[in-house]
Amino acid sequence: MTHMRNVMKSFREVLSNTSNILILTGSGISAESGVPTFRGAGGFWRKYQAPSLATPEAFAANPSLVWEFYEYRRQLVSKVKPNKAHEAVAEFQKRKIAEGKNVSIVTQNIDGLHQKAGAQDVVELHGSLYKTRCTKCHNIAINENIPICPALAGKGSPDPSIMSSDIPTEELPRCKIKDCGALLRPDIIWFGEQLDENVLQKAFDLVKSCDACLVIGTSAIVYPAAMFAPQVAQRNVPVAEFNIEETPATRQMQYHFQGPCTTTVAEALAP
Ligand code: BJW
Ligand code: ZN
C-alpha cells in the first residue's frame, strides 16, 4: 500500500510538470455509471455478443435487429450519469487549461459521458450513439430522440427470448435530406470499417506530441486505438494505465493503477 502511495505521488508529480497531456479512454470508464463494457459479462444483448452486432454485415443482414440493439443502448445511456472518473477528467482539463496547459481527451466510447461531465473537444474515435449517418448521401446528423422513430418505440429489450421485430426498412430511421430519404445507420465505426481520416489524424498528432498520457478502462485489444498508448510509451513518455485488471499493454506502461477508476483516476487527477 505504501508502495502504491509512492507510485501515485510520483505520477502526480509527472502531471504537474507536463503541459501536453493525452487521456485515452475505453468503456471501463463508464462501467461504474452502469454502461456495460464490451468484453465481459455485461457484453451480451439477447443471445448475441455485442461485437457480433457491431458489423456492416450484421446491419446488411438485419437492419431491424441492429437498430433495436442501438435503440436499447440509446435508452440506457440517456438514463445514466457521468461518474467520478468522468468528472475528475473534465475538472482536470479545465484546471490545466486555466494554467495555459493542454489536456486532450480521445475516447473509444460512443456514450457522450465525457461531454456530459463538461469535457471539451472530446475526440470520438468510434463515433456516437446520438449521431446518424445516411447509407446513401452519407449526411451525418445529431439525433437524440427516444425512440428514434415510432416503429422502434418500446423495442430493444435485452431479454434473450425476444426475436428480431423485423421492422420493414421503410419504418426504420430515414434520411431527412430533401430528395434522399434513404435508410440511416448509427454513425458508429463497426468492426472492419475504417476510422474517420480526420479523427484518426488528430489522435496520431496527439500520440506524437503529448508529454504524459493516461489510458483508462480499455482492454487494449481493438485496433487502431490499442496501439496509441504503446506508441506513446515507446517515445519514453510516462504513460499510466488505470484498469481493474492487467491488459496486453500493461507491461509497456510506466505506471499501472489497478482498481476501479472512480477511485484511482479521481486520486491521480485531484487538485
Ligand atoms: C475497468 C472498469 C472500472 C471495467 N475501472 N477499468 C490489427 C490487428 C488485428 C486486428 C485488426 C488490426 N487492425 C484492425 C483490426 C480489426 C479490428 C480489431 O482491432 N479487432 C480486434 C478485436 C483484434 N479493428 C477494426 O476493425 C477497426 N477498423 C480498422 O482498423 O480499419 C482498418 C482495417 C479493417 C479491417 C482489417 C484491417 C484494418 C475498427 C474498430 C471499431 C471498433 N468498434 C467498436 C464497436 C462500436 C460499436 C458499438 O459500440 O456498438 O468499439 S468495438 C468495441 O471495442 C467498441 C469499443 O470502443 C472498442 C474497445 O473496447 P473497450 O472500450 O476497450 O472495452 P472492453 O469491454 O474491451 O474493455 C473494458 C475494459 O475496462 C477492460 O479492460 C476492463 O478490465 C476495464 N474496466 N470496469 C477501470 N470500473
Ligand atoms: Zn441521405
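Note that the structure is predicted; figures quoted are calculated from it, not measured. Note that ligands are numbered from 1 as they come in the structure, with each ligand's atoms numbered from 1 the same way.
- A cation-pi arrangement, defined by a distance under 6.0 Å to the six-membered ring centre and an angle within 45 degrees of its axis, is absent between Arg73 and Trp45.
- For the Zn ion (ligand 2), the count of nearby protein N, O or S atoms, meaning those under 2.8 Å away, is 4.
- Annotation: side chain of Leu15 is in contact with side chain of Ile21 (closest heavy-atom distance under 4.5 Å).
- Annotation for Ile189: hydrophobic cluster partners, listed by chain and number, are Leu22, Leu24, Val106, Val123, Leu125, Leu195, Val199, Leu200, Phe204, Leu206, Val207, Val215, Tyr223, Met227, Phe228, Val232, Val237, Val239, Met253 (ILVMFWY side-chain heavy atoms under 4.5 Å, direct or chained).
- We find that Glu68 and Arg46 are joined by a salt bridge, their nearest charged nitrogen and carboxylate oxygen being less than 4.0 Å apart.
- A continuous path of ILVMFWY side-chain contacts below 4.5 Å connects Val35 to Ile110, so both sit in one hydrophobic cluster.
- Listed as neighbours of ligand 1 are Gly26, Ser27, Gly28, Ala31, Glu32, Thr37, Phe38, Arg39, Ala54, Tyr70, Arg73, Gln108, Ile110, His126, Ile188, Ile189, Trp190, Phe191, Gly192, Glu193, Gln194, Leu195, Gly217, Thr218, Ser219, Ile221, Val222, Tyr223, Pro224, Asn243, Ile244, Glu245, Gly259, Pro260, Cys261, each bearing a heavy atom under 4.0 Å from the ligand.
- In summary, the side chains of Gln108 and Ser27 do not present any donor paired with an acceptor at a separation below 3.5 Å, with no hydrogens or angles considered.
- Using a 4.0 Å cut-off between charged nitrogen and carboxylate oxygen, Asp187 and Lys131 do not count as a salt-bridge pair.
- Within the structure, every pair that satisfies the side-chain hydrogen bond (donor to acceptor under 3.5 Å, both in side chains) test and touches residues 83-94, not counting sequence neighbours, is listed here: Ser30-His86, Ser33-Asn83, Asn83-His86.
- In terms of heavy atoms, Gly28 sits closest to Cys261 at O-SG, 3.9 Å.
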